[in-house]
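Here's the structure, in structure tokens; my notes come after.
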Amino acid sequence: MNQYGNHVQNEIYQRKVRPSIPFRFEELEQMAREKLEDGPFYYVAGGAGGEGTMRANRRALDRWQIVPRMLNNVENRDLNVTLFGETYSSPLLLAPIGVQSIVHPDGELASARAAASMNVPFIASSASTYSMEEIASVMGESPRWFQLYWSNDLEIAASMLQRAEASGYSAIVVTLDAPMMAWREYDLENAYLPFLSGEGVGNYVSDPVFRSKLKEPPEVDRNAAAILWSQVFGNARLTWDDLAFLREHTSLPILLKGILHPDDAKLAIDRGMDGIIVSNHGGRQVDGAIGALDSLPVICDVVNGRIPVLFDSGIRRGADVVKALALGADSVLIGRPYMYGLTLAGEQGVKDVIRNILADLDLTLALSGQSSVSGCDASLLKDVKDGSFHSKKGWNAQPTAGFKS
Ligand SMILES: Cc1cc2nc3c(=O)[nH]c(=O)nc-3n(C[C@H](O)[C@H](O)[C@H](O)COP(=O)(O)O)c2cc1C
Ligand SMILES: CCCCCCC(=O)C(=O)O
């Protein structure tokens, strides 16, 4: 990945590569808008309620400005990060996104292939249209994690964990912030729920335990399968004590996704979790929730390096990644940007989204005076809100300042 951004720029300026998608995120989204029907487009682009949290995600990123440093020898850069003993060539992962077939028939298979070709870990969603085994089969040995929507049927949850391990996924991401669908006004307006037409159920209809609970196979009675899916999908009864169940059923590292409060980060560590993902689900669940990046510094302070902290919600460009890394994230996930790449150009579109963000990240990092991801800390940033510069490694604030326990 050394000098990656320069190589990509050169290839584009010399017209050796022909980009399949526009470079600007805003245009990418607009073109996806033009290509898709209202239902799928707004399912992807929309947020919960009045989309206040989506706006807060961008505001939280804009609150910080990078203060570039000079004369630091940034000719050679290193984007490597190590997570759970594995070294990855960049601090980027593809977020778990369900129902990808609503934007492109190849869905998760195209995204997974693109991730594999760019050596970026792909996090396969429980709500994928294709099964986790089908996704694994197009990825060779490339890195992949599995995201669990923890079914209220514990036999199904255990079966999914076992299948993920058997098909080469190397970490489990447990999403906590979506035991049920939020109030999503566009989807209500469009009466659009992709699961009803059989999208996003690939991991269920292929699951031996799920199938054993049906009188007829899903291929014969799709309706009964859809009803069972809606009954078992979520689990609103879970508490912190239930995490022990996951430990009993997998030996893989477990990350909790959807953490926003520092006390929940502490609980995750107390319960032996291996990592957390600071996220508000891209503003799709709690309207009015805190901008995800506003939670990151205080959570990193509480965690204090004991487990990896990953981040998503609102990342669109290289500078956003730099800010999240500087505030303590070990790696970041992108969501909607790659869904728009998938919409416009399938596998190649996802590949180009990854390439552009990584090239932009590499150049922004270098021009900020940083030659490695590990060198990024809060001294790189100025807080627009209080005007302060941070000159020491790490974050200065009181661990839970501003949060009520
Ligand atoms: C269409 C769509 C489907 C999603 N499906 C899932 C999912 O199945 N599991 C999950 O944990 N998160 C899901 N997410 C949330 C993403 O993993 C991620 O948190 C979010 O997209 C990050 O924000 P961003 O889109 O602003 O980058 C979904 C997001 C979108 C846009
Ligand atoms: C009951 C919640 C289903 C959500 C599945 C996909 C998803 O996470 C999303 O944000 O959409």
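First listed ligand is number 1; within each ligand, the first listed atom is number 1.
Cation-pi geometry between Arg77 and Tyr4 is not met: the NZ or CZ atom fails to fall both under 6.0 Å from the ring centre and inside 45° of the normal. By the 6.0 Å and 45° rule, Arg33 does not stack over the aromatic ring of Tyr340. Cation-pi geometry between Arg144 and Phe122 is not met: the NZ or CZ atom fails to fall both under 6.0 Å from the ring centre and inside 45° of the normal.
Between the Gln30 side chain and the Glu26 main chain, no donor and acceptor come within less than 3.5 Å of each other. Between the Ser295 side chain and the Leu260 main chain, a donor and an acceptor come within less than 3.5 Å of each other. At least one donor-acceptor pair closer than 3.5 Å links the side chain of Asp207 to the backbone N or O of Val209. With hydrogens and angles disregarded, no donor-acceptor distance shorter than 3.5 Å links the side chain of Thr82 to the backbone of Gly85.
At the shortest separation from atom 5 (C) of ligand 2 among protein heavy atoms lies Phe195 CZ, 3.6 Å. The nearest heavy-atom contact from the protein to atom 8 (O) of ligand 1 is Ser125 OG, 2.6 Å. Summary of contacts: the protein heavy atom closest to atom 12 (N) of ligand 1 is Lys257 NZ, 3.0 Å. The protein non-hydrogen atom at the shortest distance from atom 3 (C) of ligand 2 is Phe233 CE2, 3.5 Å. The protein heavy atom nearest to atom 6 (C) of ligand 2 is Tyr43 OH, 3.5 Å. Of the protein's heavy atoms, Tyr149 OH, 2.5 Å lies nearest to atom 8 (O) of ligand 2.
Between Gly314 and ligand 1, at least one pair of N/O atoms sits closer than 3.5 Å. For ligand 1, the polar-atom distance check against Tyr43 finds no nitrogen or oxygen pair separated by under 3.5 Å. Looking at Pro96 next to ligand 1, an N or O pair under 3.5 Å apart turns up. Taking only nitrogen or oxygen atoms, main chain and side chain alike, Pro337 does not reach within less than 3.5 Å of ligand 1. For the pair Ala127 and ligand 1, the shortest N or O to N or O distance does not fall below 3.5 Å. Of the polar atoms of Asp312, at least one N or O is found under 3.5 Å from an N or O of ligand 1, judged by distance alone.
In the vicinity of Ser313, heavy-atom distances shorter than 4.0 Å reach the ligand 1 atoms 22 (C), 23 (O), 26 (O). Ligand 1 places these atoms under 4.0 Å from at least one heavy atom of Gly335: 21 (O), 25 (O), 27 (O). In the vicinity of Gly98, heavy-atom distances shorter than 4.0 Å reach the ligand 1 atoms 3 (C), 4 (C), 5 (N), 6 (C), 7 (C), 8 (O). Against a heavy-atom cut-off of under 4.0 Å, Arg316 is close to the following atoms of ligand 1: 24 (P), 26 (O), 27 (O). The ligand atoms of ligand 1 that sit less than 4.0 angstrom from a heavy atom of Thr175 are 10 (C), 11 (O). Atoms of ligand 1 lying under 4.0 Å from at least one heavy atom of Ser279, given by number and element, are 19 (O). Near Arg284, meaning under 4.0 Å from one of its heavy atoms, ligand 2 places the atoms 9 (C), 10 (O), 11 (O).
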Derivation and outcome, ring-ring contact (aromatic ring centres under 6.0 Å, His included), residues Phe233 and Tyr149: CA-CA 7 Å; Phe233 181 81; Tyr149 271 130; 5.0 Å; yes

Thr250 vs Glu165, side-chain hydrogen bond (donor to acceptor under 3.5 Å, both in side chains): CA-CA, chis, key distance, verdict: CA-CA 8 Å; Thr250 182; Glu165 210 158 330; 3.0 Å; yes

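For the residue pair Asp177 / Asn280, no side-chain donor-acceptor distance below 3.5 Å is found, with atom types taken as modelled. Side chains of Thr175 and Gln147: a donor-acceptor N/O pair is present below 3.5 angstrom, by distance only. Under the 3.5 Å distance criterion, with hydrogens and angles disregarded, a donor-acceptor pair is assigned to the side chains of Arg163 and Ser206.
Relative orientation of the Tyr42 and Tyr186 rings is parallel, given thresholds of 30° and 60° on the angle between their planes.
Side-chain contact check for Val332 versus Leu310: every heavy-atom pair is 4.5 Å or farther apart. Side-chain atoms of Gln348 and Arg18, non-hydrogen and from C-beta on, never get closer than 4.5 Å to each other.
Contacts of Gln147 with ligand 1, taken as heavy-atom pairs under 4.0 Å, involve the side chain alone. No part of Gln285 comes within 4.0 Å of ligand 2, judged by heavy-atom distances.
Across Asp320, Val332, Ile334, Ile97, heavy-atom proximity to atom 4 (C) of ligand 1 is greatest for Ile97. Of the candidates Pro40, Gly282, Ala178, it is Gly282 that places a heavy atom closest to atom 20 (C) of ligand 1. For the residues Arg284, Arg336, Gln285, the heavy atom positioned nearest atom 29 (C) of ligand 1 is part of Arg284.
Contact annotation: Arg184 has at least one heavy atom less than 4.0 Å from an atom of ligand 2.
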